[in-house]
Peer 1: 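Mind looking over this structure? Questions follow.
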Protein chains: 2
Amino acid sequence: MSNPRAKHIVRDEARSEASPAKSKTEKKPRDERWRELLKAAARVFAKKGYKSTSLQDLADEIGILKGSLYYYIDSKEDLLYELVHGILDGGIANLRSIALGGGDALTRLEAVITTHVEYLVDNLAETTVFLHDIKHLSKERRETLAIDEYEQIITRLIEEGQAEGTVRDDIDSRLIGMGVLGMVNWIYRWYRPGDTVTPRSLGTFYAEMVVSGIHA
Amino acid sequence: MSNPRAKHIVRDEARSEASPAKSKTEKKPRDERWRELLKAAARVFAKKGYKSTSLQDLADEIGILKGSLYYYIDSKEDLLYELVHGILDGGIANLRSIALGGGDALTRLEAVITTHVEYLVDNLAETTVFLHDIKHLSKERRETLAIDEYEQIITRLIEEGQAEGTVRDDIDSRLIGMGVLGMVNWIYRWYRPGDTVTPRSLGTFYAEMVVSGIHA
DNA sequence: CCTACCGATCGGTAGG
DNA sequence: CCTACCGATCGGTAGG
C-alpha cells in the first residue's frame with residue numbers, strides 16, 4: 001500500500017494554509033492523493049475493467065490531468081499491481097492464521113469460509129479487480145504473487161478433514177476445494193452493499209452448506 | 001450462429017479445384033471461414049480478454065488481413081455478441097427443458113447441474129468469454145440477451161424443492177441458487193481439457209454435493 | 001454482381 | 001502536479 005514513487009517521503013511539507021475552502025489549485029498532501037487514486041482505480045477498474053479504463057478516466061475521477069498521474073506511478077500497471085497485491089496479501093494473512101490454528105479441520109474450514117466471505121464483501125471493488133484483471137499483470141509481477149495460496153489452504157484443510165475422517169474421502173480434495181472456492185468467490189458477482197443479507201450471515205450459511213455437503 | 005453479413009448465401013459456388021494442396025490464395029467457402037473466425041475469436045478472447053484482443057490478432061489467427069475481417073463483420077463487437085448469444089441460448093435451452101420436465105424438484109436440480117457442467121466444459125472458451133466479457137457489449141445488445149435466466153431457473157427449482165419439503169427453507173432461495181451457480185460456473189477457471197476428472201463425474205459430484213448440502 | 005483481399009488512412013487513445 | 005507533446009496502435013473504411 002506504499003507509494004512506489006515516493007522513495008523518500010518528506011512528511012507534510014507545510015501544507016498551504018492559504019485557501020481553507022476549495023481553490024482551483026488546491027494542494028493535497030501526496031499520501032492523501034495516492035490513496036484517493038488507488039480508491040478511484042479500484043472503483044473504476046471494477047466497473048469497466050482494467051483494459052477499458054483509461055488513465056484519462058482516472059485523472060478525471062480525482063480531478064488532475066492525465067500526465068500528472070505519472071507523478072504517482074510509473075505505468076498504468078502499477079495501479080493494478082498495488083490493488084491486486086494488497087487484497088491478496090491481506091486475504092492470505094487472514095486465512096493462514098486460521099488454517100494453521102487449533103481445532104479440528106472442519107471447524108477451521110468453517111472459520112476460513114466465514115472470514116473469507118466477510119473480507120471479500122468488505123473489499124468488493126478490490127476483489128473484483130483481483131478476480132477479473134490479474135491476467136493483465138506482466139508475467140514477472142504475477143510471479144511475485146501467491147495466487148495459488150487460497151486454493152492450497154482450502155484444499156489442505158479438506159485433506160486434513162479426510163484424514164480425520166470428518167470429510168468424505170471418495171472425492172479428490174481439489175474438486176471439493178475448487179467447489180468451495182467457487183461458491184464463495186462468486187459472491188463478488190451478485191452481492192451489492194445494502195443487500196438484505198449481511199456478510200456475516202452469508203458467510204455462516206455458506207460454511208454450513210459446505211460442511212453438510214462434504215461431511216463423511 | 002449465422003453470418004450477419006451473408007444476407008443471401010449462395011451455397012458452394014464451384015469451389016476452385018485448381019490447387020488441391022495449400023496455395024497462397026487458397027479459397028475457403030464463406031461459411032467455413034466464418035466458423036473459423038468465431039472459433040478463433042472464442043479462443044483468443046478467452047485467453048487475452050476481449051479488450052486486449054485486436055482485430056489484427058484475429059486476422060493473424062486465421063491467416064487473412066485485418067481489413068478483410070470486415071467482409072464478415074461490421075464491427076468487433078459483432079464477434080462478441082455472436083459468441084455470447086450462442087452460448088447463452090444453447091445453455092438456457094438445455095436447462096429449460098430439464099427444469100420444466102417431470103420429476104421432483106431435487107431430481108431436476110441434479111439433472112440441471114450435471115447438464116450444465118457438461119455443457120460448460122464442452123464449451124470452455126465460449127463460456128469464459130460469456131462470463132468475462134459480456135460487460136463489453138453495448139447496453140442495447142445486452143438487453144436482447146436472457147442473462148438472468150440461469151439464475152432464475154436454478155432459484156425456481158430450489159423454491160419448488162422448498163415447497164416440496166426436500167430443501168431447507170430457512171435460507172433465502174437466492175443465496176442457495178447463487179452458491180450453486182458459483183460452484184458450477186467457477187469450473188471455467190480451473191478445469192482444462194485433459195483433466196483427470198471427466199466432465200460427467202465432475203457434474204455428478206457437484207450435484208451430489210449440492211443436494212446433501214441443502215436438503216431439509 | 002461476387003470473393004478475397006490490399007495499401008492507405010480514418011478518428012481516437014495508449015503510455016510516456 | 002501542468003503543458004505540450006511523442007510513437008504506436010486502435011477499430012474501422014477507402015477505392016480498386
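Chain letters run A, B, ... following the sequence lines, proteins first and then strands; every chain starts at 1. Please read all numbers here as calculations on a predicted model, not as lab measurements.
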Peer 1: Starting the side chain at C-beta, find the nucleotide from C:dC5, D:dG12, D:dC1 nearest to B:Leu55.
Peer 2: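 In terms of side-chain proximity for B:Leu55, the closest of C:dC5, D:dG12, D:dC1 is D:dG12.
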Peer 1: B:Asp57 CG to D:dT9 C1': how many Å, rounded?
Peer 2: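 In whole Å, D:dT9 C1' lies 11 Å from B:Asp57 CG.
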Peer 1: Round to a whole Å and report the spacing from CG of B:Leu79 to C1' of D:dG12.
Peer 2: 13 Å
Peer 1: Does A:Glu160 pair with A:Arg156 as a salt bridge, N-O distance under 4.0 Å?
Peer 2: no
Peer 1: Can you tell me which nucleotide in D:dC1, C:dG15, D:dT13 comes closest to the side chain of A:Lys66?
Peer 2: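 Nearest to the side-chain atoms of A:Lys66, counting from C-beta on, is C:dG15.
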Peer 1: Could you tell me the separation between the CD atom of A:Glu77 and the P atom of C:dG15, rounded to a whole number of Å?
Peer 2: 11 Å
Peer 1: Is any side-chain N of the basic residue among A:Asp89 and A:Arg96 closer than 4.0 Å to the acidic one's carboxylate O?
Peer 2: no
Peer 1: When you check the gap from the basic side-chain N to the acidic O, do A:Asp78 and A:Arg141 get nearer than 4.0 Å?
Peer 2: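 Salt bridge present between A:Asp78 and A:Arg141.
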Peer 1: Does the distance from a Lys or Arg side-chain N to an Asp or Glu carboxylate O, for B:Glu159 and B:Arg174, drop under 4.0 Å?
Peer 2: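 A salt bridge is absent here (no side-chain N lies under 4.0 Å from a carboxylate O).
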Peer 1: Whether B:Tyr70 contacts D:dT13 is assessed here as follows: a side-chain N or O lying under 4.0 Å from the phosphate OP1 or OP2. Is that the case?
Peer 2: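 It does not, given that no N or O in the side chain of B:Tyr70 lies less than 4.0 Å from OP1 or OP2 of D:dT13.
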Peer 1: Report yes if at least one side-chain N or O of A:Tyr71 is closer than 4.0 Å to OP1 or OP2 of D:dC2; otherwise report no.
Peer 2: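 Answer no for this pair, as no side-chain N or O of A:Tyr71 is under 4.0 Å from OP1 or OP2.
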Peer 1: Using a 4.5 Å cut-off on heavy atoms from C-beta on, say whether the side chain of B:Tyr50 contacts that of B:Ile134.
Peer 2: no
Peer 1: Whole angstroms only, please: what is the NZ-P distance between B:Lys76 and D:dT13?
Peer 2: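 That distance rounds to 14 Å.
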Peer 1: A:Asp57 and salt bridge (Lys or Arg N to Asp or Glu O under 4.0 Å): which single residue from A:Lys76, A:Lys48, A:Lys47 fits?
Peer 2: A:Lys48
Peer 1: Toss me the dot-bracket line for DNA chain C: Watson-Crick and G-U wobble, both under 3.5 Å, 5' to 3', using | for pairs to another strand and [ ] for crossers.
Peer 2: ..............|.
Peer 1: Measuring only between side-chain heavy atoms, which start at C-beta, is B:Asn94 closer than 4.5 Å to B:His116?
Peer 2: no
Peer 1: Looking for any heavy atom pair under 4.0 Å, which part of the strands does A:Ser75 touch: base, sugar-phosphate only, or nothing?
Peer 2: sugar-phosphate
Peer 1: For B:Leu69 and C:dA4, give me the distance from atom CG to atom P, rounded to whole Å.
Peer 2: 13 Å
Peer 1: Does a nitrogen or oxygen in the side chain of A:Ser68 sit under 4.0 Å from OP1 or OP2 of D:dC2?
Peer 2: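 Looking at the OP1 and OP2 atoms of D:dC2, one of them is under 4.0 Å from a side-chain N or O of A:Ser68.
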Peer 1: Work out how far the C1' atom of D:dC5 is from that of C:dG15, and round it to whole angstrom.
Peer 2: 13 Å
Peer 1: Whole Å only: how far is the CH2 atom of B:Trp34 from the P atom of C:dT3?
Peer 2: 15 Å
Peer 1: Which value, in whole Å, describes the distance between the C1' atoms of nucleotides C:dA8 and D:dG12?
Peer 2: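 Those two atoms are separated by 13 Å.
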Peer 1: Looking only at side-chain N and O atoms, does B:Arg33 come under 4.0 Å of OP1 or OP2 in C:dA4?
Peer 2: no
Peer 1: Whole Å only: how far is the CD atom of A:Gln56 from the C1' atom of D:dT3?
Peer 2: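 Distance check: A:Gln56 CD to D:dT3 C1' gives 14 Å.
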Peer 1: So what does B:Thr53 touch, heavy atoms closer than 4.0 Å: a base, only the sugar-phosphate, or nothing?
Peer 2: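 Touches sugar-phosphate only.
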Peer 1: Take atom CG of A:Leu58 and atom C1' of C:dG15, then tell me their distance rounded to the nearest Å.
Peer 2: 13 Å
Peer 1: Any non-hydrogen side-chain atom of A:Leu58 less than 4.5 Å from a side-chain atom of A:Leu55?
Peer 2: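 Yes, their side chains come closer than 4.5 Å.
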Peer 1: Have a look at A:Leu65 and say if it touches a base, only the backbone sugar-phosphate, or nothing, with a 4.0 Å heavy-atom cut-off.
Peer 2: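 Base contact.
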